[in-house]
Number of protein chains: 4
Amino acid sequence: MNEHSFIRTKQVSRRSLIETKGKTPEKYLRILEAAVKVFAKQGFHQSTVSQIAKEAGVADGTIYLYFKNKDDILVQFFSYKAKQVFTRFREDVDKADNSISKLRNLVRRHLEEFQRDKDMAAVYQTMVYPDCPLVKEQRKAMSKMYLDIISEIIEKGQEEGTLRKDLYLGLVKRFILGAVDSVINTWLNSGRKYDLVPMADPLIDLFIRGIGNTEEKQVAGSR
Amino acid sequence: MNEHSFIRTKQVSRRSLIETKGKTPEKYLRILEAAVKVFAKQGFHQSTVSQIAKEAGVADGTIYLYFKNKDDILVQFFSYKAKQVFTRFREDVDKADNSISKLRNLVRRHLEEFQRDKDMAAVYQTMVYPDCPLVKEQRKAMSKMYLDIISEIIEKGQEEGTLRKDLYLGLVKRFILGAVDSVINTWLNSGRKYDLVPMADPLIDLFIRGIGNTEEKQVAGSR
Amino acid sequence: MNEHSFIRTKQVSRRSLIETKGKTPEKYLRILEAAVKVFAKQGFHQSTVSQIAKEAGVADGTIYLYFKNKDDILVQFFSYKAKQVFTRFREDVDKADNSISKLRNLVRRHLEEFQRDKDMAAVYQTMVYPDCPLVKEQRKAMSKMYLDIISEIIEKGQEEGTLRKDLYLGLVKRFILGAVDSVINTWLNSGRKYDLVPMADPLIDLFIRGIGNTEEKQVAGSR
Amino acid sequence: MNEHSFIRTKQVSRRSLIETKGKTPEKYLRILEAAVKVFAKQGFHQSTVSQIAKEAGVADGTIYLYFKNKDDILVQFFSYKAKQVFTRFREDVDKADNSISKLRNLVRRHLEEFQRDKDMAAVYQTMVYPDCPLVKEQRKAMSKMYLDIISEIIEKGQEEGTLRKDLYLGLVKRFILGAVDSVINTWLNSGRKYDLVPMADPLIDLFIRGIGNTEEKQVAGSR
DNA sequence: AATGAATGAGCGTTCATTCAT
DNA sequence: GATGAATGAACGCTCATTCAT
């Protein structure tokens, strides 16, 4: 696909040292893509190494020349994918000149990327509560990266004056990520029949304005 | 859909009919609790039936007197748990007299329940992308119930005039659930070190008012 | 006659001593009949003690008050059944006044009894190569009883002059039993759709006359 | 019916296609032979896959590289064996020039083969009432092949005039097979102490001439 | 006597991983 | 590097048998 854009700086794990020049062998990527395809269809646990090998057109043993073990395939996939995706997030965020546009661009890009790569999207969900500690850590790291971008945008918005200053930042960023994830989950569970990207604007609207009716006095009961 | 409803009053599966007085045999509950404890710690797939049996203090075979198979333990757990929890959700929602209070009560109760039963909370996450179709269906059914409550509240709020009328309901309800889930996930991943319930009010505030700075608009209508 | 050999008059095995007066409790028979019904339908190995208990309307544990173990059910069934059946064989054989009629009566009665009690017939086949040594022994004993009757008839026929004197008795008796068994097997495998008894006369005809054409000179090549 | 024909030239099931030259891998045969040995000694149900693996000198899992499951071992064994044996039957039948010789050759060969391969003979009995439908079907197919050969011989004999024309063919063929089987069973049950092959001629004599005393009729026509 | 919940040894099968070629 | 046959630990599940009631 867009193999050109991806530059892995160091795939150390335990791979043979041959590909030292940073030349990712084509077989490595083939396995990665095959794995995600298989994982997406059947879930991580239901997928066997043999199936992945078959899908990739290599022998079972070959997998272990490139990956430490089955878990490592997942880990490496997201090492590879996250870099691509976050680069794009960053680009789109930087492109906008105010924080609301930045947020809109981030969310839109997020939905675009997940819609474009449905297998990745599905596998990403699989990772929510992974058994393997490494995968767990990685998932955390990715969340953190995302949350950091949001934080940055929000702080900027507060400086600009477009966003409320009395925000509990730790909460707000999770609130936004959670909402986006939820929309993606729904889409995945629905069989991905509809278009995801158009949800971006209504979502942003909710983030910014909330659901409360500001035209009237709030009744805000406290229970 | 709801035929498998997790709110089964009588769990029959394969169990003898002894529990005629509605008294669920204590061994059944012991296994259920043991299972959830084990699942929470190691994840569903990494847990073995033997471990559960050991934790429950029964023989392996005994499990199969009460449960059809390993998956069924999960299914029955949520049949049992969801009944309890949703009853409480309903009570707290009904207790409030306006929709914002209802929403606040729902979210607060949600956080309370998950904080109270951390194992349940953790296992609930395990279910996000389950392999077993029954579990998947059940998870869907539970989500639907939750989303329906939210819908009901929102519609009421629109009638009251406290909530915006121009809301895309299908999006809003997922937006709210997603945000709450996200907060819970973060808490779980953090090792559950902090108190979850106090997040309810700031969350509600975000739902209602959004993150946008409305004072600016009211005062100057900038941008 | 020989019934005493394997037709244990007193089922001692390990049964409670209550039924000392030879009064076979009705529950004992109920289990026996249930067992054969289940065995016939599913085969011995595929049948569980629970299924038998259910069919008999007793508790699983009750089976063990009457039978040492699962194998013992089979053993006792044939102890019980063989006595009945062989008594009838004996009657019909004695009824005839010449050996050919005796043989005809034996075979006809054999087919009648097996047709009447299809479950027994099916289970008897199950026993051909039993795993349990006791069952094996019993099956052997039953075969022997049958073969002894045939022997007796043949010897009588030879005395009468109706049967060839140059017969290898050990072979002839197996030849007859085997042929009858084969006819019964075919019937069982066919789903028992047709009437078994009418096969008796043609069979006897084959036994007596053979398949050779006596009207012409035999060509009897020797290879 | 014959789609599952046990005369499969290439056993593919799940095995890799290595054996391209028709060279069945020796491990495959080793397992087959080990299995039959174990089955013969303990019966199919009492035999475990582990025992077979041990006997064959391979790991348990290796069995499943060559066989779909435990049942499949039995199925494949007879696919393999029946091909050999029936080829020999056919040869010996064709060798003879009249039907009585053909029958004699068939029966003699049958006894020879079963005597030669006692394990096969024993396992063949195991199959009489198999639990696995595939095995059942296979057993049926083998019986049918045998019965068809007999039919063919008998019809030829009737044309020749050496065999009676008033024969119920469906009965006669089973009568012959049953008698041979019975002789083999007896031999197996006896511990295979004696020589089976010499029974062929007396058996044929019985088939042809029957047990009736025809001289009496010819001489005096008594009774 | 009768029950049936409880047991736990035992089995078939899977599959991640290794290693000789 | 690449292969894929071989491995064997591990697991879910069954069911004959026991025993407290």
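Numbered from 1 within each chain, the chains take letters A, B, ... in sequence-line order.
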Atom CD1 of D:Ile31 and atom C1' of F:dT7 are separated, to the nearest Å, by 12 Å
When rounded to whole Å, the CG to P distance for the pair B:Leu65 and E:dA6 reads 6 Å
One should report the stems of DNA chain F, each a stretch of at least three consecutive Watson-Crick or G-U pairs at distances under 3.5 Å, as E:2-21 with F:2-21
Sorted by chain and number, sequence neighbours left out, side-chain hydrogen bond (donor to acceptor under 3.5 Å, both in side chains) with A:Gln46 holds for none
Nucleotide by nucleotide, nucleotides 15-21 of chain E touches protein heavy atoms under 4.0 Å in the pattern (B base, S sugar-phosphate only, - none) SSBB---
Residues at least two apart in sequence or cross-chain that pass side-chain hydrogen bond (donor to acceptor under 3.5 Å, both in side chains) with D:Thr48, listed by chain then number, are none
Does the side chain of C:Met120 reach to within under 4.5 Å of the side chain of C:Phe78, using non-hydrogen atoms? yes
Assign each of D:Ile63 and A:Lys27 the nucleotide of DNA chain F bearing its closest heavy atom; nearer the 5' end lies the nucleotide of A:Lys27
Hits for side-chain hydrogen bond (donor to acceptor under 3.5 Å, both in side chains) against B:Glu33, two or more places apart or cross-chain, chain-then-number order -> none
In whole angstroms, the gap separating C1' of E:dA6 from CZ of B:Phe67 amounts to 15 Å
Check: So, is D:Tyr66 near the phosphate of F:dA6, with a side-chain N or O under 4.0 Å from OP1 or OP2?
Finding: yes
Applying side-chain contact (heavy atoms from CB on, under 4.5 Å) to D:Val49 and not counting sequence neighbours gives D:Ile63, D:Tyr64, D:Lys70
Contacts satisfying salt bridge (Lys or Arg N to Asp or Glu O under 4.0 Å) that involve residues 41-54 of chain A (not counting sequence neighbours) are none
Rounded to whole Å, the OH-C1' distance (C:Tyr28 to E:dA2) equals 18 Å
To the nearest angstrom, the NZ-C1' distance between D:Lys54 and F:dT7 comes to 16 Å
Sorted by chain and residue number, the ring-ring contact (aromatic ring centres under 6.0 Å, His included) partners of C:Phe77 (sequence neighbours excluded) come out as none
For C:Lys37, the side-chain hydrogen bond (donor to acceptor under 3.5 Å, both in side chains) test, sequence neighbours excluded, returns C:Glu55
